[in-house]
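Since the structure comes first, as structure tokens, the remarks are kept for the end.
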Amino acid sequence: MLCSQMFFPTLREVPSEADVVSHQWLLRAGFIRKTTSGVYTYLPLGYRVIKKITEIVRQEMDRAGGQEVMMPIVQPAELWQQSGRWDVYGDEMWRLRDRHDRAYCLGPTHEEIITTLVNADVHSYRDLPLLLYQIQNKYRDEIRPRFGLMRGREFIMKDLYSFDVDHAGLQISYEKMRQAYNRIYQRLQLSYRMVEADSGAIGGSASHEFMVLAETGESEIVYCDACDYAANVEKAVCSPAAGAEPEECGEMITISTPGLRTINDLAEHMQIAAQEQVKTLFYTSDGELVAAVVRGDRELNEIKLKNALNCNELLMADEAVVRERCGAGFGSLGPVGLDVPLYVDLEVPQMAAISCGCNRDDFHYSRVKYGRDFTATAVLDLRSAEAGDPCPHCQGHLLKMRGIEVGHIFQLGLKYSVALDATYLDKDGQQKPFVMGCYGIGVSRTMAAAVEQNNDADGIIWPMPIAPYHAIIVPVNANKAEQWEAAWRIYQQLQELGVEVLLDDRDQRAGVKFKDADLIGIPLRITIGPKSLQEKQVELKKRWEGETHLIAIDQVAAEVVAIIEQASQVKMG
RNA sequence: CGGGAUGUAGCGCAGCUUGGUAGCGCGUCUGGUUCGGGACCAGAAGGCCGCAGGUUCGAAUCCUGUCAUCCCGACCA
């Protein structure tokens, strides 16, 4: 491709709407343009990257036995009403009506369609397992689209759905996908981690997320410094240190704490360390008031609480409601003498002497003991994991980092097949519901994640397997015949060797061409300049290293091919 | 939906307090000189000042409404 003919509108300045690096670079380098909030157009370079990513995904899905289908984006409401998700999905579902006023949505995911499809045409255990996948646009009317491609309202997603006869079959399909996902992210050359995850609204049992490691990631993950345990903090198990029985302490006492409302207030003014306090948080669980208690220096994990309560909606309680039930406002509340279902974190019963609110404004209790002064509806793991916590699987300790969720695999089980009455006949002629799994990869988000992880002050540094082009040839001055002829010859050679190559034939100064080459992140740059050309040499620069090497002009094509081959290798392990 | 901010040329911004029909840098076009890391000179094109009302002789500027975009939060395959 000749640069003079290529549509890649690069920008010198950062558009003001972008403030994460991937968004900035993708806009500046001319890979994407915003069409409306959360909806983007992929320009030629951007679309080439998308195609590279989807091709890797496609190959690995096919290798694992998947078959690609194309499903509709416009989906009828009835299908979603049958599964019960038309109402559950809420405002995030992008709904529309046709001229007859019939309701539809733009598919946020395709469980309903695929399950209905498979049910219509798969009737026997002999046809299972079946793995079907799609790579398409999906739609979620996000409350707040942000970070460019990272959280859009229209996005490209690969979803594979597995149908098995039983749970053992699902385990096999799930394992195939897990391996396929590892291969995919290795081939994409992204630094990633597979973590245990909460399955959230999708439902089902086991679930893993694939996180591209990046400071700007929206997800927090913990991982063990000794074994391979890793989990989303939403999911990470907190096992309390196996401590001795808590020591005895004297009778509970009441202390006056005028104006002291927060954990920090008590720590500062009363010299009560945060880990000697508890915080009592009030929620309404499907309309009913509940309280949760964690140690003063811990964070309550709302997802764990929500899972424990098995409720649909969990909201922070209104202060007026709490005051009416408990007799005090936020800042003076505690678990003693409460007439509210009480969920207590595992650590709390281990505490020697607890300080907490007294359910009376401006007073606190001290020397409170669990079991003696209050008891819980349930004692369970409720807090969020933190760096330094003991690993739940070994003697190691947890470390924390951030990640971008680029893949998520779920064991759905019977959820959708039962809801949609999707069954097959087993060996004994019995009707059985399909046992399902679903496996997603955010393709457009993966492109953003790759940039997030591979850039420098000059622009993007594409990993070879997903670079829009492998190499770019830059004649310093294309008006000089000998430079142009050398450039053209190398260009022809590389094309014949199957290299995806750009030739910057624009009538621009060298600096402009270098800046653009760096900005769009082409891995290899071949520079043809007057001095080296006299020695029958050209310069070769690897974008990811920055140094240039002189190389004989008739060897450069072979060298470029060798480098591409080497840089495209899957880094296994 | 709550909080904050911004809409002025393709991009980045000034002008608004103190009303007088719009300016800078980059980019674009023409000509010339240049030519190894975003050149220089000369000229030019390009704006319904987000939209709709209102105040006023007169509104980018003041008032009201509305729409859009971005940030923080709640939310999240």
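In what follows, chains carry the letters A, B, and so on, assigned in the order in which the sequence lines appear, proteins first and then strands, with residues in each chain numbered from 1. Here the structure is a predicted model, which means the values were calculated and not measured.
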Q) Does any nucleotide pair with B:A60 by Watson-Crick or G-U wobble geometry, both distances under 3.5 Å, and what is it? A) none
Q. When the P atoms of B:G36 and B:G10 are considered, how many whole Å apart are they?
A. 33 Å
Q. How many Å lie between CD on A:E17 and C1' on B:U6, as a whole number?
A. 12 Å
Q) Got a donor-acceptor pair under 3.5 Å from the side chain of A:R28 to the base of B:G38? A) yes
Q | Watson-Crick or G-U wobble partner of B:C29, both distances under 3.5 Å | A | B:G43
Q.
If you compare every side-chain N and O of A:R144 against the phosphate oxygens of B:C72 (OP1, OP2), does one of them come in below 4.0 Å?
A. yes
Q) What class does the angle between the rings of A:Y174 and A:H208 fall in, given that below 30° is parallel, 30 to 60° is tilted and above 60° is perpendicular? A) tilted
Q. For A:N477 and B:C35, what is the distance between atoms CG and C1' respectively, to the nearest whole Å?
A. 6 Å
(Q) Base, sugar-phosphate or nothing for A:D518? Non-hydrogen atoms, less than 4.0 Å. (A) base
Q. A:R525 near the nucleic acid: base, sugar-phosphate alone, or nothing, with a heavy-atom cut-off under 4.0 Å?
A. base
Q) With respect to the side chain of A:K306, which nucleotide from B:C72, B:C26, B:C76 is positioned closest? A) B:C76
Q.
Under 4.0 Å, heavy atoms only, any strand: does A:P9 hit a base, just the sugar-phosphate, or nothing?
A. nothing
Q.
Could you tell me how far apart A:R543 (CZ) and B:G37 (C1') are, to the nearest whole angstrom?
A. 13 Å
Q | Distance in angstrom units between A:D516 CG and B:G36 C1', rounded | A | 15 Å
Q.
Roughly how many Å apart are B:A14 and B:C71, using the C1' atom of each and rounding to a whole number?
A. 23 Å
Q | Nearest-neighbour nucleotide for the A:L519 side chain, B:C72, B:G38, B:G36 considered | A | B:G38
Q.
Mind checking if A:E539 touches a base, just sugar-phosphate, or nothing, with heavy atoms under 4.0 Å?
A. base
Q: Select from A:E142 and A:G148 the residue whose nearest nucleotide in RNA chain B is closer to the 5' end of that strand.
A: A:G148
**Q.** A:K541, nearest nucleotide to its side chain (from B:G37, B:U34, B:C11)
**A.** B:G37
(Q) Over all strands shown, is A:P108 touching base, sugar-phosphate only, or nothing at heavy-atom distances under 4.0 angstrom? (A) nothing
(Q) Taking only the C1' atom of each, what is the distance from B:U56 to B:C63 in whole angstrom? (A) 12 Å
Q) Ring centroid separation for A:F210 and A:Y185, is it under 6.0 angstrom? A) yes
Q.
I want to know whether A:Y89 and A:W94 have ring centres closer than 6.0 Å.
A. no
**Q.** Any donor-acceptor N or O pair under 3.5 Å, side chains A:D198, A:N307
**A.** yes
**Q.** Residue A:S532, side-chain heavy atoms: nucleotide from B:G27, B:G37, B:G36 that is nearest
**A.** B:G36
Q) With no angle test and no hydrogens, is the base of B:G27 tied to the side chain of A:E13 by a donor-acceptor pair under 3.5 Å? A) no
**Q.** Residues A:E220, A:R402: salt bridge by 4.0 Å N-O rule
**A.** yes
Q: Select from A:M157 and A:G38 the residue whose nearest nucleotide in RNA chain B is closer to the 5' end of that strand.
A: A:G38
Q. A:R506 CZ to B:C35 C1': how many Å, rounded?
A. 15 Å
Q: Can you tell me the distance, in whole Å, between the CG atom of A:D19 and the P atom of B:U69?
A: 16 Å
Q.
Assess the residue pair A:K541 and A:L524 against the criterion (side chain to side chain contact (heavy atoms under 4.5 Å, CB included)); give the C-alpha distance rounded to whole Å, side-chain angles, the decisive distance to 0.1 Å, and a yes or no.
A. CA-CA 6 Å; A:K541 181 182 152 188; A:L524 292 174; over 6 Å; no
Q. Are A:Y40 and A:H23 near enough that their ring centres are under 6.0 Å apart?
A. yes
Q | Interatomic distance where NZ belongs to A:K138 and P belongs to B:A77 [whole Å] | A | 14 Å
**Q.** A:K515 NZ - B:C35 C1' separation (whole Å)
**A.** 17 Å
(Q) Classify A:V14 by what it touches in the nucleic acid, base, sugar-phosphate, or nothing, heavy-atom distance under 4.0 Å. (A) sugar-phosphate
